[in-house]
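Down below is the structure, laid out as structure tokens.
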Amino acid sequence: MNRTNLDTNMKKLKKNAFRQSKVRGETASRVRCPGGEIDVESLQRVVDIAKKYGKGMVNLTNRQGFEIPGIDLADVEEVNKALQLIIENRGVNQEEYEGGYPASGTRNVVACPGKSLCPFGCYDTKKFAQKIDKLIFPNDHHVKIAFTGCSNDCAHVRLNDFGIMGQTEPQYDKDRCIGCEQCVKYCKKRSVGALKVVNGKIERDTNKCIGCGVCINYCPTRAWTRSKEEYFRVVLLGRTGKKNPRLAEDFMKWADEDTVTKIIVNVYDYLDKYLDREAVESKEHIGYIVDRTGFEEFLNYIMRDVHPNPKCEIQGRLYWGGKRYDQTNELKQSMFRFSEREQ
Ligand code: SF4
Ligand code: SF4
Ligand code: SF4
């Protein structure tokens with residue numbers, strides 16, 4: 001294939017969700033799959049694009065999307081046309097028909113399988129992820145959001161700006177309980193040990209219980225069942241990166257869907273106001289912006305017009321530690337080369 005040397009505006013390409021390639025004259029097309037899901041018609045289109053414009057390979061990204069490498073820069077417009085069906089099938093708002101993805105900033109919204117597949121799922125993760133994706137995308141702000149069905153966190157939501165974990169409030173029917181203590185055993189072994197036996201019946205420490213639902217799954221008589229209300233733990237401002245990677249900290253627990261939805265949508269106004277547009281390609285991570293403005297200001301924005309459900313608990317003060325590669329710390333000083341160790 002002839003590689004055309006185009007004076008391509010890489011910034012425009014990246015906004016259009018193409019990735020810069022180290023191979024001169026080539027790019028990679030990124031395909032979003034909100035909630036880690038794609039219909040087979042769109043999947044077939046990914047294959048067709050990879051065959052026709054790429055090199056017959058498709059990469060799976062860490063954020064549950066696809067990347068089609070080996071695309072000639074001269075074919076970008078044609079690829080954008082071919083992406084139309086995929087973009088339409090996901091209901092993405094576009095200003096330009098057959099113009100490809102309108103933005104790349106807000107990353108693909110990730111989700112574990114959740115209750116549609118996993119017995120531990122407390123809610124439909126994919127459905128919630130897709131609802132949020134429709135509300136926030138397209139947008140140029142660099143925001144990472146992930147949903148996980150329970151506190152097992154298979155989707156690694158603590159490495160995201162907003163991590164949403166499912167919670168359930170176990171309902172106990174003492175008349176169905178045969179006192180086998182399976183729930184007590186598994187809550188202790190797999191979770192936080194919030195159950196104990198009192199006079200042959202089970203008591204749940206509501207302060208300790210994290211709503212993981214393990215007791216429900218291991219009860220043989222359905223004496224424990226899920227609450228009909230679905231709840232969410234929200235963890236904030238986790239990140240990767242070379243500067244100060246850190247895990248997200250707990251912000252809310254027992255929040256309802258409406259509360260979670262509003263605080264996520266509100267973050268975009270905060271970013272509109274405080275993003276440092278001089279920062280490298282305007283990709284300043286939210287966490288660093290919060291470091292500049294203070295958490296209180298961030299809180300003012302994300303809680304605007306939010307009326308949390310009565311059961312929702314909010315953490316007023318958050319502290320992030322994380323890893324700092326640039327610091328000389330005790331751990332670093334105690335490092336040694338194995339070959340030079342004293343015998
Ligand atoms: S996080 Fe929970 S619901 Fe999601 S896949 Fe893991 S165990 Fe299942
Ligand atoms: S929901 Fe989880 S933490 Fe709560 S009692 Fe059941 S197993 Fe224990
Ligand atoms: S597992 Fe079910 S039946 Fe067994 S003690 Fe617990 S609630 Fe009762």
Side-chain angles (χ1 to χ4, degrees), residues 33-37 60 62-64 108-133 144-160 162-235 238 247-248 250 252-257 260 311-313:
C33 307
E37 199 171 54
L60 303 178
N62 286 334
R63 295 198 68 82
Q64 297 185 322
N108 191 44
V109 182
V110 167
C112 82
K115 84 171 182 189
S116 66
L117 201 66
C118 176
F120 292 99
C122 295
Y123 69 105
D124 191 333
T125 47
K126 288 181 274 189
K127 198 167 151 207
F128 200 174
Q130 285 159 12
K131 170 182 154 181
I132 291 293
D133 188 74
K144 290 180 177 166
I145 301 164
F147 290 81
T148 208
C150 76
S151 43
N152 210 41
D153 194 9
C154 298
H156 307 160
V157 303
R158 285 192 187 269
L159 290 172
N160 287 261
F162 287 89
I164 318 300
M165 299 167 145
Q167 295 187 286
T168 189
E169 187 177 30
Q171 307 293 303
Y172 181 57
D173 180 349
K174 65 177 177 8
D175 295 333
R176 295 184 78 102
C177 178
I178 55 171
C180 67
E181 299 185 21
Q182 285 288 93
C183 54
V184 181
K185 182 175 137 192
Y186 278 97
C187 181
K188 194 170 173 194
K189 199 169 147 189
R190 299 266 169 93
S191 191
V192 294
L195 299 178
K196 65 179 179 191
V197 186
V198 179
N199 299 327
K201 296 294 171 192
I202 309 300
E203 261 184 28
R204 181 172 65 100
D205 182 338
T206 51
N207 288 322
K208 221 173 174 187
C209 173
I210 59 168
C212 64
V214 162
C215 51
I216 299 163
N217 281 61
Y218 286 97
C219 175
T221 64
R222 288 188 53 78
W224 285 116
T225 50
R226 291 179 183 280
S227 52
K228 74 174 180 342
E229 298 83 9
E230 292 173 343
Y231 297 104
F232 304 92
R233 178 186 299 268
V234 179
V235 299
L247 290 179
D250 286 30
M252 276 180 170
K253 54 183 184 175
W254 306 111
D256 65 7
E257 184 172 324
V260 175
K311 190 173 166 61
C312 177
E313 295 171 33

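Numbering of ligands and ligand atoms starts at 1, following listing order. Side-chain atoms are counted along with the backbone in the values below, which use heavy atoms only and exclude waters and symmetry mates. Values in this document were obtained by computation on a predicted structure and should not be read as measured data.
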Protein contact to atom 8 (Fe) of ligand 3 [nearest heavy atom, distance to 0.1 Å]
Cys177 SG, 2.4 Å
For ligand 3, the portion of Ile202 having any non-hydrogen atom under 4.0 Å away
side chain
Does CG belonging to Asn62 count more than 12 external heavy atoms closer than 6.0 Å?
no
Is Leu195 touching ligand 2 with its side chain, its backbone, both, or neither, if touching means heavy atoms under 4.0 Å apart?
side chain
Keeping the roles fixed (side chain from Thr221, backbone from Cys177), state whether a donor-acceptor pair exists under 3.5 Å.
no
Which atoms of ligand 2 are found less than 4.0 Å from any heavy atom of Val214?
7 (S)
Provide the number and element of each atom of ligand 3 under 4.0 Å from a heavy atom of Gly179.
5 (S), 8 (Fe)
Against heavy atoms of Val192, which atoms of ligand 2 measure under 4.0 Å?
3 (S)
Mark up the atoms of ligand 1 that fall under 4.0 Å of a heavy atom belonging to Asp153, in ascending order.
1 (S)
Looking only at atom types and distance, does a side-chain atom of Arg63 sit under 3.5 Å from a main-chain N or O of Asn108, one as donor and one as acceptor?
yes
Run the numbers for me: atoms of ligand 1, each under 4.0 Å from some heavy atom of Thr148, listed by number.
1 (S)
Starting from atom 4 (Fe) of ligand 1, locate the nearest protein heavy atom and write down its residue, its atom name and how far away it is, to 0.1 Å.
Cys112 SG, 2.3 Å
Audit row: Lys127, Glu257, salt bridge (charged side-chain N to carboxylate O under 4.0 Å, His left out) steps and yes/no
CA-CA 12 Å; Lys127 198 167 151 207; Glu257 184 172 324; over 6 Å; no
From the list Asp250, Thr148, Asp153, side chain to side chain donor-acceptor pair (under 3.5 Å) partner of Arg158 resolves to Asp250
CG/Asn152 to SG/Cys212 distance, rounded to the nearest 0.5 angstrom?
9.0 Å
Between the CG atom in Leu195 and the CD atom in Glu203, the distance rounded to the nearest 0.5 Å is 10.0 Å
Treating Lys208 as the side-chain partner and Gly193 as the backbone partner, does any N or O pair qualify as donor plus acceptor under 3.5 Å?
yes
Ligand 3 atoms in contact with Tyr172 (distance to a heavy atom under 4.0 Å)
7 (S)
If you measure from each non-hydrogen atom of Thr221 to ligand 3, which part falls under 4.0 Å: side chain, backbone, both or neither?
side chain
Under 3.5 Å: donor-acceptor pair, side chain of Asp205, backbone of Asn207:
yes
Which atoms of ligand 3 are found less than 4.0 Å from any heavy atom of Ile178?
3 (S), 8 (Fe)
Regarding Glu229 and Lys311, does a basic nitrogen lie under 4.0 Å from an acidic carboxylate oxygen?
no
If the cut-off is 2.8 Å, does any N/O/S atom of Cys180 fall short of it from atom 8 (Fe) of ligand 3?
no
Element-labelled atoms of ligand 3 that are located less than 4.0 Å from some non-hydrogen atom of Pro220
1 (S)
Please list, in number order, the atoms of ligand 2 under 4.0 Å from a heavy atom of Cys215.
1 (S), 5 (S), 6 (Fe), 7 (S)
Could you tell me whether any N, O or S atom belonging to Cys209 is less than 2.8 Å from atom 8 (Fe) of ligand 2?
no
Note: Arg204 and Pro170 closest approach over all heavy atoms is NH1-CD, 3.7 Å
Contacting atoms of ligand 1, where contact means under 4.0 angstrom from a heavy atom of Gly121
3 (S)
Give me the atom names and distance for the closest heavy-atom approach of Ile210 to Ser151.
CD1-OG, 3.4 Å
Against heavy atoms of Cys187, which atoms of ligand 2 measure under 4.0 Å?
3 (S), 5 (S), 7 (S), 8 (Fe)
Do any of the N, O or S atoms of Cys183 sit under 2.8 Å from atom 6 (Fe) of ligand 3?
yes
Who's closest to atom 2 (Fe) of ligand 1 heavy-atom-wise, of Pro119, Cys150, Ala111, Pro113?
Cys150
Could you list which atoms of ligand 3 come closer than 4.0 Å to a heavy atom of Cys219?
1 (S), 2 (Fe), 3 (S), 7 (S)
For atom 6 (Fe) of ligand 1, what's the nearest protein heavy atom and its distance?
Cys154 SG, 2.3 Å
So which protein heavy atom does atom 5 (S) of ligand 3 come closest to, and at what separation?
Glu181 N, 3.1 Å
Contact atoms of ligand 2, heavy-atom distance to Ser191 under 4.0 Å:
2 (Fe), 3 (S)
Of all heavy-atom pairs between Val110 and Ala129, which one has the smallest distance, and what is that distance?
O-CB, 4.4 Å
Any sub-3.5 Å donor-acceptor pair from Gln167's side-chain atoms to Trp254's backbone N or O?
yes
Against heavy atoms of Pro170, which atoms of ligand 2 measure under 4.0 Å?
1 (S)
Can you name the closest pair of heavy atoms from Asn217 and Pro119 and give their distance?
ND2-O, 3.0 Å
